[in-house]
Amino acid sequence: MNSRDGAHISVWQQTVEAFKIRANNTVQKKYDVIIAGGGITGISTALALQKAGLKCLVLESHHLCYGTTGGTTAHINTIMDVPYSTMIKKFNLETASNIATASRDAISHISNNVSQYTIDCGFQLTDAYLFAKDEKQEKELDDIKHACDKVGVASQWTDKINVPIAFRKAMFIPGQAKFHPVRYVHALATAFEDLEGVILDKCPLTSVENESDTGVIVETPKGSFEATYLIYATHIPPTINLVHLRCAPYRSYAMAFRLKGEKYPEGLAYDMYDPYHYYRTQEIDGQKYFIVGGDDHKTGHEPNTVKPFLSLESHVRSNFDVDAVTQQWSSQYYEPADGLPYIGVFPGHKKNVLVATGFGGNGMTYGTIAAQLFEAKILEKPHPLIDKLAPGRIKPVAGFKNFTEHNLDVFKQLIQKVFKGSEAHEFVEVAPGEGKIFKVEGQSIGVHKDDNGAIHTVNAKCTHMGCTVAWNLTERSWDCPCHGARFSPDGKVLNGPADKDLEYANLELINAIK
């Protein structure tokens with residue numbers, strides 16, 4: 001089993017062993033490219049650059065696919081969360097068409113990798129269905145269909161869909177794909193090591209020294225390393241930076257089911273609610289799983305994180321003949337302010353420090369596109385999206401509203417008091433498995449009681465920008481509502497952008513509120 005950044009294991013991580021790093025690959029002190037992050041973006045990039053003749057080092061804080069790649073529902077799309085109608089309106093037809101072309105190329109790239117490396121990951125080209133359930137959704141669907149025609153994404157109207165859900169209007173989109181993401185990434189990592197690429201796991205990048213236009217030196221628990229290029233493929237980069245203000249963190253929920261009578265839908269399906277539900281089937285080792293996701297919310301903003309699972313399960317049981325729930329898990333993604341990801345030079349850094357973030361719900365597609373963009377940029381090859389997806393782009397008309405709303409919310413989180421009323425709280429209120437925030441002598445203390453009754457206490461001030469973290473009951477983690485940093489019950493970093501653990505809070509302080 002491959003562990004992950006939460007208490008719930010995904011169907012992907014349940015059905016694969018942790019990747020074993022090859023011990024006989026020689027670890028050097030100097031590389032052409034250092035890549036921080038061992039998910040689909042980092043490993044795809046590493047393999048592409050190593051094949052091109054560059055020497056690459058991958059640094060992974062935990063182990064491969066520990067984070068979002070291990071928690072995705074693994075839809076590979078040419079239809080994106082931000083529809084082409086919105087891209088055309090906020091940007092232009094050329095940009096939307098470039099995204100459509102890049103997404104088709106990403107699916108082809110993944111398909112070619114599966115063939116070239118004989119990857120047993122259940123990859124399958126398949127159809128997708130997008131369906132409307134009311135008049136407002138119908139109008140939106142009309143706009144999406146018209147935009148797909150403009151950007152060259154094949155689609156057609158249909159009077160049948162692949163799931164037993166009532167609808168008013170539906171669109172059929174061929175040429176989509178699905179796979180087992182962890183098995184795919186593990187196979188790419190093996191191919192990378194076959195080319196003498198080096199992976200170091202349990203090896204976070206702790207600091208960057210001597211950053212210049214010609215190279216960087218990075219510090220890690222396993223020593224310092226030098227490279228011409230540094231790439232942050234960590235889902236969200238560390239430190240405090242402009243991209244954090246332009247990306248809003250969200251949690252999405254997923255469940256895997258066994259269905260009665262082997263009535264598993266083929267293809268992919270999406271309704272048009274906000275947040276929407278997404279459906280698909282995957283066969284793994286002879287067992288079929290019906291995988292459904294949805295009920296998203298901003299990270300740290302849902303006080304009862306059991307509720308989304310209950311809502312999702314109720315939705316599935318009301319429409320499908322469920323035999324059993326096999327897995328349930330949640331995962332994190334980042335919504336970009338203007339709807340397009342940020343891939344390129346890391347704002348505030350030298351031109352050889354690159355970043356990829358803000359993939360929304362299209363991480364498998366955009367992660368692959370990011371690898372192709374990094375390859376083009378480093379090898380100085382043309383690519384129509386290099387400028388369009390640059391993280392330092394200024395697009396106030398396209399992104400200003402979302403940018404403003406998100407950062408007003410962040411500002412509120414930074415200044416609001418933990419308790420609106422009396423601070424007289426009883427420590428005994430914390431039940432096993434729960435976590436709460438207490439005010440002690442003006443300091444916010446996070447208190448978690450594990451299932452055995454042991455107490456874990458941390459300073460509840462996020463080490464990224466100082467927001468107060470919130471307890472995530474289902475994943476047993478402290479989640480930051482501002483920029484999505486996540487910490488274990490005892491304060492260890494699970495997800496960036498924070499790169500320092502929460503401070504330990506002396507248990508004696510808690511006596512004041514017992």
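T357 has its side chain within reach of P237: a pair of non-hydrogen atoms, C-beta onward, lies under 4.5 Å apart. In this structure, R104 and I107 have side chains that are not in contact, with every pair of non-hydrogen atoms separated by 4.5 Å or more. Residues V325 and E313 are in side-chain contact: their nearest non-hydrogen atoms beyond the backbone lie under 4.5 Å apart. At least one side-chain heavy atom of F131 sits less than 4.5 Å from a side-chain heavy atom of V163. The shortest distance between side-chain heavy atoms of N77 and S103 does not fall below 4.5 Å. Contact check for M272 versus E138: no side-chain heavy atoms found under the 4.5 Å cut-off. Side-chain contact between W478 and N472 is absent, with no heavy-atom pair separated by less than 4.5 Å. The side-chain heavy atoms of F359 and T68, taken from C-beta on, include no pair separated by under 4.5 Å.
H8 and S330 form no side-chain donor-acceptor contact under 3.5 Å, judged by distance and modelled atom types alone. In the model, T78 has a side-chain atom that pairs as donor or acceptor with a side-chain atom of Q176 under 3.5 Å. Judged by distance alone, the side chains of Y278 and S252 do bring a donor and an acceptor atom under 3.5 Å apart. Checking R486 against S477 by side-chain atom types alone, a donor-acceptor pair falls below 3.5 Å. For the 3.5 Å distance criterion, the side chains of Q332 and Y334 qualify, holding a donor opposite an acceptor. Inspection of the Y333 and H235 side chains reveals no N or O donor paired with an N or O acceptor under 3.5 Å. No donor-acceptor contact under 3.5 angstrom links the side chains of D201 and Y66, judged on distance only.
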side-chain hydrogen bond (donor to acceptor under 3.5 Å, both in side chains) between Y276 and D81, worked out: CA-CA 10 Å; Y276 66 94; D81 277 14; 2.6 Å; yes

Side chain to side chain contact (heavy atoms under 4.5 Å, CB included) between Q287 and Y289, worked out: CA-CA 7 Å; Q287 173 64 56; Y289 298 87; 3.6 Å; yes

Worked check of side-chain hydrogen bond (donor to acceptor under 3.5 Å, both in side chains) between S311 and D295: CA-CA 7 Å; S311 173; D295 284 72; 2.8 Å; yes

Side chain to side chain contact (heavy atoms under 4.5 Å, CB included) evaluation trace for I76 with Y184: CA-CA 13 Å; I76 316 171; Y184 173 77; over 6 Å; no

Verdict with reasoning, D338 to R246, per salt bridge (charged side-chain N to carboxylate O under 4.0 Å, His left out): CA-CA 8 Å; D338 60 14; R246 291 183 171 180; over 6 Å; no

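For D479 and K298, the salt-bridge test fails: no basic side-chain N is under 4.0 Å from an acidic carboxylate O. For the pair D501 and K492, the salt-bridge criterion is met [side-chain N within less than 4.0 Å of a carboxylate O].
The backbone N or O of G293 sits nowhere less than 3.5 Å from a side-chain atom of T73 that would complete a donor-acceptor pair. For the pair N162 (side chain) and E266 (backbone), a donor-acceptor distance under 3.5 Å is present. With hydrogens and angles ignored, the 3.5 Å screen pairs a side-chain donor or acceptor of E60 with a backbone N or O of H62. In this structure a side-chain-to-backbone donor-acceptor pair under 3.5 Å is missing from T281 to Y264. The backbone N or O of A256 lies less than 3.5 Å from a partner atom in the side chain of T326, making a donor-acceptor pair. Judged by distance alone, with hydrogens and angles left aside, the side-chain atoms of S318 form a donor-acceptor pair with the main-chain N or O of S314 at under 3.5 Å. With hydrogens and angles disregarded, no donor-acceptor distance shorter than 3.5 Å links the side chain of T118 to the backbone of V114. Within the 3.5 Å criterion, the main-chain N or O of R22 finds a donor-acceptor partner in the side chain of E193. Under a 3.5 Å cut-off, the side chain of K178 and the backbone N or O of A74 do not form any donor-acceptor pair. A donor-acceptor pair under 3.5 Å links the side-chain atoms of T15 to the main chain of V11, judged by distance alone.
Under a cut-off of 6.0 angstrom, the local environment of NZ in K288 is crowded, with over 12 non-hydrogen atoms contributed by other residues, nucleotides or ligands. When the shell of 6.0 Å around NZ of K133 is examined, it contains more than 12 heavy atoms from other residues, nucleotides or ligands. Within 6.0 Å of NZ in K139 there are 12 or fewer heavy atoms belonging to other residues, nucleotides or ligands. Sparse packing is recorded around CG of D120, with 12 or fewer heavy atoms of other residues, nucleotides or ligands lying under 6.0 Å away. Around the CD atom of E135, the shell of radius 6.0 Å holds no more than 12 heavy atoms that belong to other residues, nucleotides or ligands.
Considering all non-hydrogen atoms of both residues, V469 and C462 come closest at CG1-CB, 4.0 Å. Nearest heavy atoms, T234 versus A36: CG2-O, 3.3 Å. Nearest heavy atoms, V493 versus A498: CG1-O, 3.5 Å. Taking both residues in full, the closest heavy atoms of S155 and C148 are given as OG-CB, 3.9 Å, listed atom of the first, atom of the second, then distance. Heavy-atom minimum distance, A100 versus Y84: CA-OH, 3.3 Å. The two residues C247 and I236 make their nearest non-hydrogen contact at CB-CD1, 4.1 Å.
Residues meeting the salt bridge (charged side-chain N to carboxylate O under 4.0 Å, His left out) test with E302, sequence neighbours left out: none. Under the rule for a salt bridge (charged side-chain N to carboxylate O under 4.0 Å, His left out), D105 has no partner lying at least two apart in sequence or in another chain. The side chain to side chain donor-acceptor pair (under 3.5 Å) check on D321 picks up nothing, with sequence neighbours excluded.
Within the model, atoms CZ of R183 and CH2 of W12 stand 10.0 Å from one another, a figure rounded to the nearest 0.5 Å. In this structure, CE in M80 is found 13.0 Å from NE2 in H75, a value given to the nearest 0.5 Å. For the atom pair NE2 (H180) and CD1 (I119), the distance works out to 12.5 Å, reported to the nearest 0.5 Å. How far CG of D323 is from CD of E262: 9.5 Å, rounded to the nearest 0.5 Å. With values rounded to the nearest 0.5 angstrom, H186 atom NE2 is found 10.0 Å from K20 atom NZ. Rounded to the nearest 0.5 Å, atoms CG (L502) and NE2 (H464) are 13.0 Å apart.
The side-chain tip of K436 does not point at the ring of W471 from less than 6.0 angstrom away and within 45° of straight on.
Applying the side chain to side chain contact (heavy atoms under 4.5 Å, CB included) test between I99 and each of V82, L340, V153, T365 identifies L340 as the sole match.
In this structure, cysteines C482 and C467 have SG atoms closer than 2.5 angstrom.
Relative orientation of the F257 and F290 rings is tilted, given thresholds of 30° and 60° on the angle between their planes. In this structure, Y279 and H315 have tilted ring planes: the angle between them lies in the 30° to 60° band.
The aromatic ring centres of Y250 and H297 sit 6.0 Å or more apart.
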